[in-house]
Peer 1: 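First the structure, which I've put down as structure tokens, then a few questions once you've had a look.
Keep in mind that this is a model prediction, so the values were computed, not measured. Below, all heavy atoms of this structure are taken into account, side chains as well, without hydrogens, waters or symmetry copies. Chain letters run A, B, ... following the sequence lines, proteins first, then strands; residues in each count from 1.
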Amino acid sequence: MKILQEKFYARDDVVAISRELLGKVLVTTIDGATTSAVITETEAYAGVRDRASHAYGDRRTARTEPMYAKGGTAYVYLCYGIHHLFNVVTGRSGTPHAILVRAGKPVEGVTLMLERRGRKRPDAALLGGPGSLARALGITTTLTGTSLVDGPIRIEDHGIRVPASKISAGPRVGVDYAGADALLPYRFRVDPGEIQ
DNA sequence: CGAATGATATACT
DNA sequence: GTATATCATTCGA
């Protein structure tokens with residue numbers, strides 16, 4: 001159960017880190033209650049040169065400020081006025097790379113996750129989609145800018161191995177506005193059935 | 001298929 | 001300071 005340290009996040013290759021996050025375990029402790037899930041889907045947002053990124057063109061604002069922090073910082077923002085989306089900031093300080101965590105497979109605190117989502121039984125919809133995942137894990141915008149190393153959100157390595165052959169890559173979701181960058185294969189997914 | 005729903009960025013006065 | 005368009009989505013008809 002080792003918590004990923006700053007060294008893991010500080011690297012420059014956000015796309016490589018996106019692949020490596022598959023199979024890692026996202027853990028939150030909110031109000032003393034812990035919930036966790038294996039990450040099964042991620043999307044890379046490659047800083048200032050990626051039209052789909054909030055930091056495209058070096059747009060540094062109050063909202064995007066956490067993206068410019070050092071790797072291992074949480075970036076959470078409100079989307080469509082309803083959904084809190086959780087991202088992992090990578091790269092060194094000043095490099096606004098981030099990874100959107102889109103889906104997961106429940107591990108710990110399933111009852112609480114069902115309660116937060118207003119559902120009866122665990123199924124693909126419980127943690128399927130970035131808004132649903134954040135909701136189930138209790139992640140809100142108040143946690144943006146917090147540390148993933150010693151904060152309420154962290155990511156652990158449980159030794160789950162995801163072979164490269166089981167990872168599918170494709171274009172990102174909901175970023176049609178990004179022109180040619182919308183076609184980049186920056187979305188990575190592993191079939192939840194492949195996770196032990 | 002389309003409404004919901006509010007913070008945020010940007011362009012105005 | 002005020003106005004308005006725009007979302008890295010979800011759920012229900």
Peer 1: Output the rounded distance in Å from CG (A/Leu127) to C1' (C/dT9).
Peer 2: 16 Å
Peer 1: Should we say atom CZ of A/Arg135 is surrounded by more than 12 heavy atoms from elsewhere, each under 6.0 Å from it?
Peer 2: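 Not buried by this count: 12 neighbours or fewer within 6.0 Å.
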Peer 1: Between A/Gln196 and A/Ile160, is there a donor-acceptor pair closer than 3.5 Å when you use the side chain of the first and the backbone of the second?
Peer 2: no
Peer 1: Using whole Å, what does the distance between atom P of nucleotide C/dT9 and atom CZ of A/Arg172 come to?
Peer 2: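 My rounded result for the distance is 11 Å.
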Peer 1: Taking atom P of C/dA8 as reference, at what distance in whole Å does atom OH of A/Tyr56 sit?
Peer 2: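 A/Tyr56 atom OH is separated from C/dA8 atom P by 15 Å.
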Peer 1: Could you check whether A/Arg154 and A/Thr29, counting side-chain N and O atoms only, form a donor-acceptor pair closer than 3.5 Å?
Peer 2: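 The answer is yes; a qualifying pair exists.
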Peer 1: Donor-acceptor pair, distance only, cut-off 3.5 Å: does the side chain of A/Asn87 make one with the backbone of A/Ala98?
Peer 2: no
Peer 1: Do A/Asp191 side-chain atoms and A/Gly193 backbone N/O form a donor-acceptor pair below 3.5 Å?
Peer 2: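 Yes.
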Peer 1: Roughly how many Å is it from CG in A/Asp50 to P in C/dA8, rounded to a whole number?
Peer 2: 12 Å
Peer 1: Mark yes or no for whether A/Arg102, through its side chain, and A/Glu41, through its backbone, hold a donor-acceptor pair below 3.5 Å.
Peer 2: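 Between the backbone of A/Glu41 and the side chain of A/Arg102 there is no qualifying donor-acceptor contact (under 3.5 Å).
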Peer 1: Hey, is the main chain of A/Ala44 close enough, under 3.5 Å, to the side chain of A/Arg172 for a donor-acceptor pair?
Peer 2: yes
Peer 1: By a strict heavy-atom criterion of less than 4.0 Å, which residues belonging to residues 91-120 of chain A are in contact with DNA chain C?
Peer 2: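 When residues 91-120 of chain A is checked for heavy atoms under 4.0 Å from DNA chain C, the hits, listed by number, are A/Leu100, A/Arg102, A/Arg117.
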Peer 1: I need a per-nucleotide contact map over nucleotides 1-10 of chain B, read 5' to 3'. Cutoff is protein heavy atoms under 4.0 Å; write B for the base, S for backbone only, - otherwise.
Peer 2: ---BBBSSSS
Peer 1: Round to a whole Å and report the spacing from CG of A/Leu126 to P of C/dT9.
Peer 2: 18 Å
Peer 1: Is A/Tyr177 close enough to C/dA8 that one of its side-chain N or O atoms is under 4.0 Å from OP1 or OP2 there?
Peer 2: yes
Peer 1: Looking across every strand, which nucleic acid part, if any, lies under 4.0 Å from A/Thr141 by heavy atom: base, sugar-phosphate, or nothing?
Peer 2: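 It contacts nothing in the nucleic acid.
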Peer 1: Give, for atom NZ of A/Lys105 and atom CD1 of A/Ile195, the distance between the pair rounded to the nearest 0.5 Å.
Peer 2: 6.5 Å
Peer 1: Return yes when atom CZ of A/Arg59 has more than 12 non-hydrogen atoms of other residues, nucleotides or ligands closer than 6.0 Å, and no otherwise.
Peer 2: yes
Peer 1: Under the 3.5 angstrom rule, does the side chain of A/Arg11 hit a backbone N or O of A/Thr90 as a donor-acceptor pair?
Peer 2: no
Peer 1: DNA chain B: stems of at least 3 consecutive Watson-Crick or G-U pairs, cut-off 3.5 Å?
Peer 2: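 Correct response: B:1-4 with C:9-12, B:6-12 with C:1-7.
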Peer 1: Compute whether any side-chain donor of one residue and acceptor of the other, for A/Asp58 and A/Tyr68, lie under 3.5 angstrom apart.
Peer 2: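 Yes, side-chain donor-acceptor contact under 3.5 Å.
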